[in-house]
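Step one of this worksheet: look at the structure below.
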Protein chains: 2
Amino acid sequence: MSASPSSEFLPTGDPRWLDAEEQKAWRAWLYSAQLLQDRLDRELTHRTGISHAYYEILVALSEAPERMMRMSELADRCLSSRSRLSHAVSRLEERGWVRRQVCTEDGRGQLAVLTDDGFAALEDAAPIHVEGVRRELFDQLTPEQVAAMRDFGETLLRHLDATRVP
Amino acid sequence: MSASPSSEFLPTGDPRWLDAEEQKAWRAWLYSAQLLQDRLDRELTHRTGISHAYYEILVALSEAPERMMRMSELADRCLSSRSRLSHAVSRLEERGWVRRQVCTEDGRGQLAVLTDDGFAALEDAAPIHVEGVRRELFDQLTPEQVAAMRDFGETLLRHLDATRVP
DNA sequence: GGGGAATAGTCAAGCGCTCAACTACGCTAG
DNA sequence: CTAGCGTAGTTGAGCGCTTGACTATTCCCC
């Protein structure tokens with residue numbers, strides 16, 4: 001719907017429609033974001049058997065002290081819901097890459113721990129992922145574009161973080 | 001995994017790891033993209049019952065001549081697989097928003113046609129979506145950042161398009 | 001003009017996600 | 001102490017997506 005539709009008497013007043021330039025900018029960003037994430041995810045999944053979502057979990061754990069994290073903390077770090085993370089960790093447990101451990105400080109809590117097998121799987125996958133990001137993203141951009149991408153991302157993150165409603 | 005892991009003798013040579021600045025840029029972009037898309041999709045879904053993916057289908061049809069498109073064409077336009085689009089159109093058909101029609105020029109083909117009910121649903125949803133995009137995206141950015149976002153998206157799209165492997 | 005490859009679309013099985021309900025534990029006020 | 005509320009995490013049902021196989025039609029060229 002490129003032009004304003006005919007409904008002119010909305011309760012909240014006329015929406016601030018996007019003009020042609022804004023539409024182009026929005027679509028270019030949206031399509032490129034979807035295609036890029038899709039391509040990287042597919043390459044990683046097909047070459048390593050690890051989806052990008054699972055990869056993020058393994059990375060987070062590998063960077064944590066003693067390679068272990070509380071479930072909720074891990075969920076936040078991976079932009080995941082509690083439920084989604086719980087399911088994902090169960091599946092990673094079945095592969096032997098992660099194990100659960102009760103948290104001694106808080107009887108309600110669980111710790112997700114990266115196993116040696118999980119770390120090895122991550123070591124195999126990391127080069128594939130990094131090469132993908134470089135090939136599809138950084139190799140295509142000038143340093144100025146990279147700087148703008150970061151600036152853009154950080155600006156948006158500040159806003160999204162400030163207006164979060166948990 | 002922020003630093004190079006210990007596997008130093010890979011068949012393809014050492015991967016070109018991301019340095020700290022590149023990591024920050026990549027993460028900022030990735031997280032902001034995921035959070036933004038997620039927030040817009042949730043708002044649209046909860047307030048209108050239409051997910052962003054379905055919204056895109058309705059928009060594409062509404063802009064097409066006679067509000068109809070070939071299934072494959074529609075799939076490409078919506079960055080969707082044939083199968084996914086076929087499922088989605090079936091569900092939109094159940095809601096009475098789209099109907100299928102055999103293509104007279106090509107006996108294999110099907111046309112997806114937007115119904116009046118579908119157009120009305122889109123008219124209701126469009127202001128919600130546009131306000132979301134404006135509030136979460138354009139209102140947060142300077143004109144320079146918008147220009148950079150578009151430039152970034154178009155650069156990436158050119159690359160992704162040129163290296164597509166169907 | 002007839003046989004094989006290519007194309008359009010659908011369908012079924014299985015996986016992963018969402019949502020809401022649920023268990024279990026901790027915290028605090030009375 | 002204990003009642004009640006908040007927090008941590010899990011679970012199951014249901015939906016949507018992916019994959020790969022399948023049907024039907026068209027295209028191509030010998």
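Values below: all heavy atoms of this structure, side chains included; hydrogens, waters and symmetry mates excluded. Just so it is clear: chains get the letters A, B, ... in the order the sequence lines come, proteins before strands, and each one is counted from 1.
Between A:E131 and A:R135 there is no salt bridge, since no side-chain N of the basic residue sits under 4.0 Å from a carboxylate O of the acidic one.
Residue whose closest nucleotide on DNA chain C sits further toward the 5' end, between A:T104 and A:S51: A:S51. If A:G107 and A:S81 are placed on DNA chain C by their nearest nucleotide, the residue sitting closer to the 5' end is A:S81. Summary of the strand contacts: A:L111 and B:A88 both lie near DNA chain D, and taking for each the nucleotide with the nearest heavy atom, the more 5' one is attributed to A:L111.
Side-chain nitrogen and oxygen atoms of A:R108 include none within less than 4.0 Å of the OP1 or OP2 phosphate oxygen of D:dG6. Residue B:R42 places no side-chain N or O under 4.0 Å from the OP1 or OP2 atom of C:dC17. Of the side-chain N and O atoms in B:R91, one or more sit less than 4.0 angstrom from OP1 or OP2 of D:dG16.
B:L79 has its CG atom 13 Å from the P atom of D:dC17, to the nearest Å. At whole-Å resolution of the value, CG in B:D38 and C1' in C:dC17 are 11 Å apart. Rounded to whole Å, atom P of D:dT7 lies 13 Å from atom CG of A:D76. Rounded to an integer number of Å, the gap from B:H46 NE2 to C:dA20 C1' is 12 Å. As rounded to whole Å, 20 Å separates atom P of C:dC17 from atom NE2 of B:H52. In this structure, A:L92 places its CG atom 15 Å from P of C:dC15, rounding to the nearest Å. A:E105 has its CD atom 17 Å from the P atom of C:dC25, to the nearest Å.
Taking the ring-ring contact (aromatic ring centres under 6.0 Å, His included) definition, one finds that A:H52 meets it with A:H129, sequence neighbours left out.
Closest to the side chain of A:D106, out of D:dT18, D:dA8, C:dA8, is D:dA8.
Taking all atoms of both residues into account, the shortest heavy-atom contact from B:V102 to B:L111 is O-CD1, 4.3 Å. In plain terms, the two heavy atoms of A:I50 and A:A125 that are nearest each other are CD1-CB, 3.8 Å.
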Any protein N or O atoms within reach of nucleotides 10-14 of chain D? Criterion: under 3.5 Å, listing atom names and distances.
{"residue": "D:dT10", "atom": "OP1", "partner": "A:R100", "partner atom": "NE", "Å": "2.5"}
{"residue": "D:dT10", "atom": "OP1", "partner": "A:R100", "partner atom": "NH2", "Å": "3.2"}
{"residue": "D:dT10", "atom": "OP2", "partner": "A:S86", "partner atom": "OG", "Å": "2.8"}
{"residue": "D:dT10", "atom": "OP2", "partner": "A:R100", "partner atom": "NH2", "Å": "3.4"}
{"residue": "D:dT10", "atom": "O5'", "partner": "A:S86", "partner atom": "OG", "Å": "3.4"}
{"residue": "D:dT11", "atom": "O4", "partner": "A:S83", "partner atom": "OG", "Å": "2.9"}
{"residue": "D:dG12", "atom": "O6", "partner": "A:H87", "partner atom": "NE2", "Å": "3.1"}

For a salt bridge (Lys or Arg N to Asp or Glu O under 4.0 Å) check, start with the C-alpha distance between B:E22 and A:R134, then their side-chain angles and the critical distance, and finish with the verdict.
CA-CA 10 Å; B:E22 288 168 330; A:R134 196 165 281 291; 2.8 Å; yes
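For the pair A:R91 and A:Y54, the cation-pi criterion (under 6.0 Å, within 45° of the ring axis) is not fulfilled.
Considering A:L40, A:L36, A:I128 in turn, A:L40 is the only one that fulfils the side-chain contact (heavy atoms from CB on, under 4.5 Å) rule with A:V133.
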